[in-house]
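Following: one structure in structure tokens, then a few remarks.
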2 protein chains.
Amino acid sequence: MSAKARPTYSAIAKAAGVSEATVSRVLNNDERVNPERTAAVMKAVEELGYRRHRAATALASGRTGLIAVVIDDDLSVFSDPFWGTVTSGISRVLMENHLQTVLMVTSVNSVDGPVAHYLEGREVDGAIFFQLHKDALVRKLAKQGLPIVITGSPHTDTDLYFVDTDNFGGGYAATKHLMSRGCKKVAIITGDIETTAGHQRLDGYNQVYREFGRVPNKSLIRQGDYSYESGQVQMEHLLAEHPDVDAVFACNDLMALGAIAAIEAAGKSVPDDVAVIGFDDSVSSRTSRPQLSTIRQDITALGEAAAELMIAQLNGEPVESRIMPVELVLRESA
Amino acid sequence: MSAKARPTYSAIAKAAGVSEATVSRVLNNDERVNPERTAAVMKAVEELGYRRHRAATALASGRTGLIAVVIDDDLSVFSDPFWGTVTSGISRVLMENHLQTVLMVTSVNSVDGPVAHYLEGREVDGAIFFQLHKDALVRKLAKQGLPIVITGSPHTDTDLYFVDTDNFGGGYAATKHLMSRGCKKVAIITGDIETTAGHQRLDGYNQVYREFGRVPNKSLIRQGDYSYESGQVQMEHLLAEHPDVDAVFACNDLMALGAIAAIEAAGKSVPDDVAVIGFDDSVSSRTSRPQLSTIRQDITALGEAAAELMIAQLNGEPVESRIMPVELVLRESA
DNA sequence: CTGAAAGCGCTTACAG
DNA sequence: CTGAAAGCGCTTACAG
């Protein structure tokens, strides 16, 4: 009940009859310490309810125990549960490894903004970035020796470590299913094909055509921007140009829902006249009518993998970028 | 280009011709320092590209510059964009005030778990909690003097500071609209009424009945659990018991969508036979057909307010809990 | 395997 | 208004 000051090494050293250096060694798992002394220290730690003072450790050792998760303002953080899910996966794994997650939601474009300063100031032991539009800052930091992991794929060929969803595989699986169920004219509504993810989903689509010995008509490939409205608009264009289009792979669920609205507005039915597949397995895909067939990714696992890559780097272990598998979820729309 | 060691007070003191104590005073905005010396220090700071070492500051001052945002695992973090949005609002305001956000996603139930230890260890300057099921831990921490803000309402009467959505006002506005448009038999599908938010929305509903000089039939009040399925099931019950029910206020959008599915499955139409209003203004509310009328809250503003309350506490300024306004958004379903 | 000692980079009474 | 000095609580060569 009494509010005594928290114990420091000094108190433990005294209680255990050893030096502070030995206390430090025990607490940092230095193997060389005599077992009996180790036991004595552990006992004192237990009895006194000792807790490490992170700032002191950080100052003396140079390690902060903090990992930054940097999220670009531009991402649709405000309506997309994706990043929250990834972040919770990251946070969980980091915590298990006694690391804390420092969240930075800002504009990451600047190589010289507050985020850059913060990260260059070594206030964290590493940084996990989310899908980037530009990677100048990341390269700069990596060059300075800051351990980095990217969630999503880097733009250019690079030796940066990353974890990403199998976007190609998702595009492939969706398109393959549509072709296999007998659709002859399969269109695609892409997302932002400037991003790696957007591009790779399109590549998967093209690959299926290739395997069927066909080449998709260019006007079957429409570019959207991941919004409901763009799905709707692009689908209207498709129906106008190709009255016989019988399937569409929309590169996210929101566009797929927009496409369905356009198809039904045109007096056609899903999936009988036009089959539709989305991407994300969002909540809406389950609540829409017809329920949406879609590509599911394990988003939590993506975050966990990102954290694992970071921890491996910190430990100097071998690190390898990872592509996380996706799964085709068939519901009513295809 | 050369990788010189980062400058410390020592270098600045030398360059500016003052003591390290003076450097510290200038950097901490101590007003007593002679203007010329202040200028000299600022110049040296600028030229040398000085950046504060947070761990050293933390060790010497006791302030870490870190604020924890603690999110209970139990919250449906994995599908609800709500908390991500709140968090980004918090993070933005904290950053502007040179504070960093430490994210902790864990089970918060235990008064003695890792989170408790971390927060008791004073590794952060304050903690912002999200809607809690139990608040024993929070009370304990507050008693120890840790600045605390709760996002959502505390369970019991208390002097804890909090920010919350006007849940009562939202329930009131939704129900009032339904009554005013002529509906005679307005039902409600509640969320978890163990939580303050769930309870307050129901209170708003009851208040409207009261103002109309009526008392709602108890069987018009059905308890859901915020899931699509529960909305569907409870609506089926309502339609069975009350074939003439002509409106329903569902306490979130997901349940509202479930209710609409049940209404249409019963061969009735929305809003002509049964009007429906949800709560959240989620993405689904715009993409559903009919589009959902709902209660919108400014979630980002909620997060910003939470951060502001925290900052006021840290600065020793007067603090007052806040209720954030909501807005009725009318679309097609009511 | 272990301890004494210096040091990490700041802050803050204290004395002037 | 300012400086010298002690101190925050750890870690880590160094010497033994």
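Proteins get letters first, then strands, A, B, ... in listed order; numbering begins at 1 in each.
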>> For a quick test of reading the model, state the closest non-hydrogen atom pair linking A:Ala55 to B:Leu59 and the distance between them.
In response: CB-N, 3.8 Å
> Taking atom P in both C:dC10 and C:dC14, what distance in whole Å separates the two?
Replying inline: 24 Å
>> Can you pull out every salt bridge (charged side-chain N to carboxylate O under 4.0 Å, His left out) where at least one residue sits in residues 48-67 of chain A? Sequence neighbours excluded, please.
In response: A:Arg51-B:Glu120, A:Arg54-B:Glu123
> Are any of the side-chain heavy atoms of B:Arg25 and B:Val41 separated by less than 4.5 Å?
Replying inline: no
> Can you list the residues that meet the salt bridge (Lys or Arg N to Asp or Glu O under 4.0 Å) rule with B:Lys43, with sequence neighbours excluded?
Replying inline: B:Glu47
>> Tell me whether A:Ser91 contacts the main-chain N or O of A:Thr87 through its side chain, where contact means a donor paired with an acceptor under 3.5 Å.
In response: no
>> Using a 4.0 Å cut-off on heavy atoms, which residues in residues 23-45 of chain A reach DNA chain C? List them by number, or say none.
In response: A:Arg25, A:Arg32, A:Val33, A:Asn34, A:Arg37
> Looking only at heavy atoms, which two atoms of A:Val105 and B:Ser88 are closest? And how far apart?
Replying inline: CG1-CB, 4.0 Å
> CD1/B:Ile67 to CE/B:Met95 distance, rounded to the nearest 0.5 angstrom?
Replying inline: 13.5 Å
>> Rounding to an integer number of angstrom, what distance separates D:dG16 and D:dT12 when you compare their C1' atoms?
In response: 16 Å
> Going through the checks in order, is the side chain to side chain contact (heavy atoms under 4.5 Å, CB included) test met by A:Glu20 and A:Thr8?
Replying inline: CA-CA 9 Å; A:Glu20 293 191 21; A:Thr8 66; over 6 Å; no
> How many angstroms lie between CG in A:Leu141 and CG in A:Leu160, if you round to the nearest 0.5 Å?
Replying inline: 10.0 Å
> What distance separates B:Ile90 CD1 from A:Leu103 CG, expressed to the nearest 0.5 Å?
Replying inline: 9.5 Å
>> Requiring both pairing distances under 3.5 angstrom, list the stems that contain DNA chain C and are made of three or more consecutive Watson-Crick or G-U pairs.
In response: C:1-3 with D:14-16, C:5-12 with D:5-12, C:14-16 with D:1-3
> Taking 5' to 3' order, which nucleotide of DNA chain D is first and which is last to have an atom within less than 4.0 Å of a heavy atom in chain A?
Replying inline: D:dG9 to D:dA13
> Which residues within residues 51-68 of chain B lie with some heavy atom under 4.0 Å of an atom in DNA chain D?
Replying inline: B:Leu59, B:Ala60
> With A:Ile128, which of A:Val163, A:Val86, A:Thr151 fulfils side chain to side chain contact (heavy atoms under 4.5 Å, CB included)?
Replying inline: A:Thr151
> Is a donor on one side and an acceptor on the other found under 3.5 Å between the side chain of B:Asn315 and the backbone of B:Glu317?
Replying inline: no
> Looking only at heavy atoms, what is the nearest atom pair of A:Asp125 and A:Thr64, with distance?
Replying inline: OD1-N, 2.7 Å
> How far does the P atom of C:dT11 sit from the matching atom of C:dA15, given to the nearest Å?
Replying inline: 22 Å
